[in-house]
Amino acid sequence: MTELKELAEKLGLVESRESKKEERVLPPLPNVDMWGNVVTRFAPNPDFPIHLGNARAAILSHEYARMYKGKFILRFEDTDPRTKPPLPFSYLIIEKDLRWLGITWDEKYIQSMRMDKYYSIAKKLIELGYAYVDLCKKDVFREYRNAGKACPHRDMSPEQHLELFDKVIAGEFGEGEAVIRIKTDLSHPDPAIRDWVMFRIIDTTRNPHPIVGDRYRLWPTYNFAAAVDDHLMGITHILRGKEHALNTAKQIYIYKYLGWRYPEVVNFGRVGLEGLILSKTWIKNQLKNNPEKFMGFDDIRFATISGLRRRGIVPETIKEIILSLGLSPVDARISWVNLAAINRKNVDPIAKRIFVICNPVKVVIEGVETPREIEIPFHPAKDLGKRKLVLAKPEVYISSKDLENINQGAVIRLMELFNIVIERNSKDGIIAKYHSASLDEAKKWGAPIIQWVPCNDSIKVDLLRVEGMKIRKEHCIGESSLKTLREGEIIQMVRLGFGKIEKISKARISIIYSHE
RNA sequence: GCCGCGGUAGUAUAGCCCGGUCAAGUAUGCGGGCCUUUCGAGCCCGUGACCCGGGUUCAAAUCCCGGCCGCGGCACCA
């Protein structure tokens, strides 16, 4: 191991000890020296925006390409307009999400625009007698396959199959009437491997493809298109989830027949995120059947990249988590607390501090000269500017939660302002009395230091919190400087937690609660 | 059922290939303290794990066998 590390350091592949400590060193990729330049790829299906699980493949592939000064390719795998119809906006969102994650690609491909390449390789395989057109119905073939027997079409001559192939392309067969199969081992212990399907017919008149419409009827399956492209694009290392393990076994036949060299494969485990939903299928179904219950594909309860972004999670956090998982084949269940801890550190230096009061109660302070205004820095340590709180009348909101913990007659400090003593309740609110000005005085009395908002200079805040599968909207009051912020900005609501400005309108502001 | 891959503290991960330096490192959580005009950040101390059983060996988290548990796959999806 030490030898490997030394070697990697020599080659400049590993960050030296002194560099930033959060930068985790990824383990070396297998057989790098046997391939020359490392080429990796991320190959999403644009049928939906990507989630954290996809991000793992994307981030790792990209990271390794950069680490070895190689090439990273983005490839859209959109070869099923029927079962997984590609969504035009998904292509865009996926690119946006990747860029947001700091991922840049050297080349981009869209499989639906490469159909002729797939056809010509298929023809070659048929010519060589390694592939054939199968006219059996699905369940008929299944019986042959389960018995380990060849279906009648398998042994026809390449010439006959070539002829059939042209007819299929010309559209002479309908859905389910023909498939192109590759010849594999009919006695393979896993029936799924036996003569798997390379192409099937999809009626694109009924299910047009968003990019190429009804131009093609014969579509390659994932295993064919991916295998061929990985070779044509010179991919050296495939990093993908372990659900793909079997696909390697399938694809290897093509490589064997055509004398290609199969890339190195690393299968990593699945990722889960506590409390959030990752399942693409589930999300798609819900959005289709109960759209009114959700905020869209970027709902903050979804572990989609856009959902996490909307929630106030920063790309560095996602990258850090994914890199810390590395290539481990074990399934990982990320805890929200853990993710929040990392995000908090990333966001703490850039989040403006804002006073927000939930469960507000009005406090009228006697013995104070008004108007007065005070300036408070947006951040205790970083220079993020200042905000101004204007006290036209001696009336402020504080949280009733804070009040619960305060005995009558005790001193409390309004942060950055002055110290008061709670006197009594009245119909106008709580009556308090000015006590003293200095912080030292507050400390002397052991006064709690709490946030506050001037009654006359405030704005309504809708705070959206994720609670289990529900979103709770809490009506709060915030300081008016909120209006000067921009949508999408991440803030810290003092003593409440971090949040992201969702929407600013004249009368109110909605903030998504990120985490404590 | 069949095929494949795994199992290190609450969570995640390092170490496993190449057995000793591992009475197991790191992060987070949790407990305590310091600091701080936040219940945030920072600093310090503490807490807590090698799935089980056999075997090989002077020596096993690491190698071998068995068991148990978990996950993935078994499509004319990707």
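In what follows, chains carry the letters A, B, and so on, assigned in the order in which the sequence lines appear, proteins first and then strands, with residues in each chain numbered from 1. Side chains are part of it too, since the values below use all heavy atoms of this structure and drop only hydrogens, waters and symmetry mates. Remember, it's a predicted structure, so these values are computed and weren't measured experimentally.
For the segment residues 238-255 of chain A, residues with any heavy atom less than 4.0 angstrom from an atom of RNA chain B are, sorted by number, A/Lys242, A/Glu243, A/His244, A/Leu246, A/Asn247. A heavy atom closer than 4.0 Å to some atom of RNA chain B occurs in A/Gly176, A/Val179, these being the qualifying members of residues 176-187 of chain A. A heavy atom lying under 4.0 Å from RNA chain B marks the following residues of residues 268-284 of chain A, by number: A/Arg270.
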Which atom pairs link the protein and nucleotides 25-30 of chain B when you take only N or O atoms and keep those under 3.5 Å?
| unit_1 | atom_1 | unit_2 | atom_2 | d |
| --- | --- | --- | --- | --- |
| B/rU28 | OP1 | A/Lys345 | NZ | 2.2 |

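For A/Met415 and B/rG40, the CE to P distance is 12 Å, given to the nearest whole Å.
Within the 4.0 Å cut-off from OP1 or OP2 of B/rA78, at least one side-chain nitrogen or oxygen of A/Thr79 is found. Taking only side-chain nitrogens and oxygens, A/Arg353 never comes nearer than 4.0 Å to OP1 or OP2 of B/rU36. Taking 4.0 angstrom as the limit, A/Arg82 places a side-chain polar atom (N or O) nearer than this to OP1 or OP2 of B/rC77. Taking only side-chain nitrogens and oxygens, A/Ser328 comes nearer than 4.0 Å to OP1 or OP2 of B/rU13.
If you find the closest nucleotide of RNA chain B to A/Phe498 and to A/Ala192, the one lying nearer the 5' end belongs to A/Phe498.
The aromatic rings of A/Phe199 and A/Phe224 lie tilted to each other, with the angle between the two planes from 30° to 60°. A/Phe302 and A/Trp282 have perpendicular rings, their planes meeting at more than 60° on a 0 to 90° scale where under 30° would count as parallel.
Between B/rG48 and B/rG32, the distance separating the two C1' atoms is 16 Å to the nearest Å.
In this structure A/Trp445 satisfies the ring pair (Phe, Tyr, Trp, His ring centres under 6.0 Å) test together with A/His435, sequence neighbours excluded. Looking at residues two or more places apart in sequence or on another chain, you find a side-chain hydrogen bond (donor to acceptor under 3.5 Å, both in side chains) between A/Gln286 and A/Asn290.
Between the side chains of A/Thr83 and A/Asp80, a donor-acceptor pair is found at a separation under 3.5 Å. With no hydrogens or angles considered, a side-chain donor-acceptor pair links A/Thr317 and A/Asn343 at under 3.5 Å.
On a pure distance criterion of 3.5 Å, no polar donor-acceptor pair joins the side chain of A/Asn146 and the base of B/rC2.
Side-chain contact between A/Ile235 and A/Thr40 is absent, with no heavy atoms from C-beta onward closer than 4.5 Å.
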